[in-house]
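Chain naming here is simple, since letters A, B, ... match the order of the sequence lines and numbering starts at 1 in each.
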2 protein chains.
Amino acid sequence: MMNGTNPMDVFLSKCRQRNLKITPQRTAVFSALADAEDHPSADAVYQKVKKEFPNISFDTVNRTLIVFSEIGLAEVVEGQGDPRRFDPRMENHHHFYCVTCGKITDFFSEELDKIEIPTQIEQDFTVISKRMVLKGYCTDCRK
Amino acid sequence: MMNGTNPMDVFLSKCRQRNLKITPQRTAVFSALADAEDHPSADAVYQKVKKEFPNISFDTVNRTLIVFSEIGLAEVVEGQGDPRRFDPRMENHHHFYCVTCGKITDFFSEELDKIEIPTQIEQDFTVISKRMVLKGYCTDCRK
DNA sequence: TTGACAAATAGGAATCATTCTTATATAGGA
DNA sequence: TCCTATATAAGAATGATTCCTATTTGTCAA
Ligand SMILES: [Mn+2]
Ligand SMILES: [Mn+2]
Ligand SMILES: [Zn+2]
Ligand SMILES: [Zn+2]
């Protein structure tokens, strides 16, 4: 049998691997996150999903997102003490963070990906991800 | 008249520049932060300062730290939706974040500092800082 | 040195995000 | 279809941060 590689198939197979039930709520949260381009907070995802499931609770959305981050369907990205923000994009990439509006913009750079981590760090720690985080003003916020 | 370059002198001159009153509380918060090596949260700084000023309020510490970050005496560093963490070290440097215990370890690398930001990003945004953020397990947390 | 006043503070309330608790509902295998 | 481990909704509890306001204080000009 063939296993597609579209996001929904990945979701289904990851859930089955982990014996996580495929509930309508979980599926809806996944779709909402997968579609998001804006590194949404749990509350932002909740607002989206609520349109389809008016009765869903914030707790379910939040818990589900954390589960996703645990099983490799999303990643929790760096914030500034703001609510957690979730990133559905699992490819290696980098972030620009606007200090005015808080928007996080993805960008890609093979150059940056190639960067060598200093030997000392590699020795002392087990590195599982690396990312360049830029801060500054986005197009909208610089006048 | 000579202007020292030790941290306390920098603090005093920045405050005077901005017409910020030099209060015992502000001074104590600065000292506590300047001594910290652990990217403390506002609450961590509060606990330290309280030993010297038992009556200081959390709000004063928190507000003061935010002021410091606004006038270039500290920087708010990336967290994970945890409370804000503050970094008194203003030299360009990089971070290793332990996903288990949350400890943030500084490291330096001229190599990383030299990295070129992609032209597209430079065009679209005004970049004010760049930092490599590594995630993984620290010495204590990897078994 | 003193007085005036803008700025800063303490303390507590309010807000906001997150996590916990528990009674109920349900997905998925037997 | 039935059973049971999981998942859910709802709301309480927690934790961090910010706001509010009466009071205090650093600074400067007289
Ligand atoms: Mn991203
Ligand atoms: Mn640092
Ligand atoms: Zn912006
Ligand atoms: Zn650790």
Does B:T139 use its side chain to pair, donor to acceptor, with the backbone of A:D124 at less than 3.5 Å? yes

Under-4.0 Å side-chain N/O to phosphate OP1/OP2 contact, B:S57 with C:dA10: yes

In whole Å, I'd like the distance from the CG atom of A:D82 to the C1' atom of D:dA16. 12 Å

Nearest-Å distance for atom pair CG/P, residues B:D43 and D:dT14: 17 Å

Using only side-chain N and O atoms of A:N19, determine if any of them is under 4.0 Å from OP1 or OP2 of D:dA5. no

Taken to the nearest whole Å, CG/A:N62 to P/D:dA9 is 13 Å

Check the angle between the aromatic planes of A:H39 and A:H93 and answer parallel, tilted or perpendicular using the 30° and 60° thresholds. tilted

Whole-Å distance, A:I22 CD1 to C:dG28 C1', equals 10 Å

B:L65 near the nucleic acid: base, sugar-phosphate alone, or nothing, with a heavy-atom cut-off under 4.0 Å? nothing

Can you tell me which nucleotide in D:dA7, D:dT17, C:dT19 comes closest to the side chain of B:A42? D:dT17

Pick the nucleotide of DNA chain D nearest each of B:R63 and B:Q25; which residue has the one closer to the 5' end? B:R63

Interatomic distance where CG belongs to B:L20 and C1' belongs to C:dA6 [whole Å]: 12 Å

Given 3.5 Å as the limit, does a donor-acceptor pair link the side chain of B:R26 with the main chain of B:T64, or not? no

Please compare B:R26 and B:G81 by the position of their nearest nucleotide in DNA chain C and report the one closer to 5'. B:R26

Report which part of the nucleic acid B:N55 touches: base, sugar-phosphate, or nothing (heavy-atom distance under 4.0 Å, all strands). sugar-phosphate

Let's see if you can work this out: which of C:dT18, C:dT9, D:dT17 has an atom nearest to the side-chain heavy atoms of B:T60? C:dT9

Classify the nucleic acid contact of B:P24 as base, sugar-phosphate or nothing, counting any heavy atom under 4.0 Å across all strands shown. sugar-phosphate

Categorize B:D59 for me: base, sugar-phosphate, or nothing, with a 4.0 angstrom heavy-atom threshold over every strand shown. base

In whole angstroms, how far is the C1' atom of C:dT9 from the OH atom of B:Y46? 13 Å

Map B:T23 and B:I66 onto DNA chain D by nearest heavy atom, then report which one ends up closer to the 5' terminus. B:I66

Checking contacts here: which listed nucleotide (C:dA27, D:dA16, C:dA8) is nearest the side-chain heavy atoms of A:K21? C:dA27

Rounded to the Å, how far apart are A:E52 CD and D:dT8 C1'? 16 Å

How are the rings of A:F11 and A:F30 set relative to one another: parallel (under 30°), tilted (30 to 60°) or perpendicular (over 60°)? parallel

How many Å lie between CZ on B:R18 and P on D:dT27, as a whole number? 17 Å

Is it the case that the side chain of B:K135 and the backbone of B:Y97 share a donor-acceptor pair, with hydrogens and angles ignored and the cut-off at 3.5 Å? no

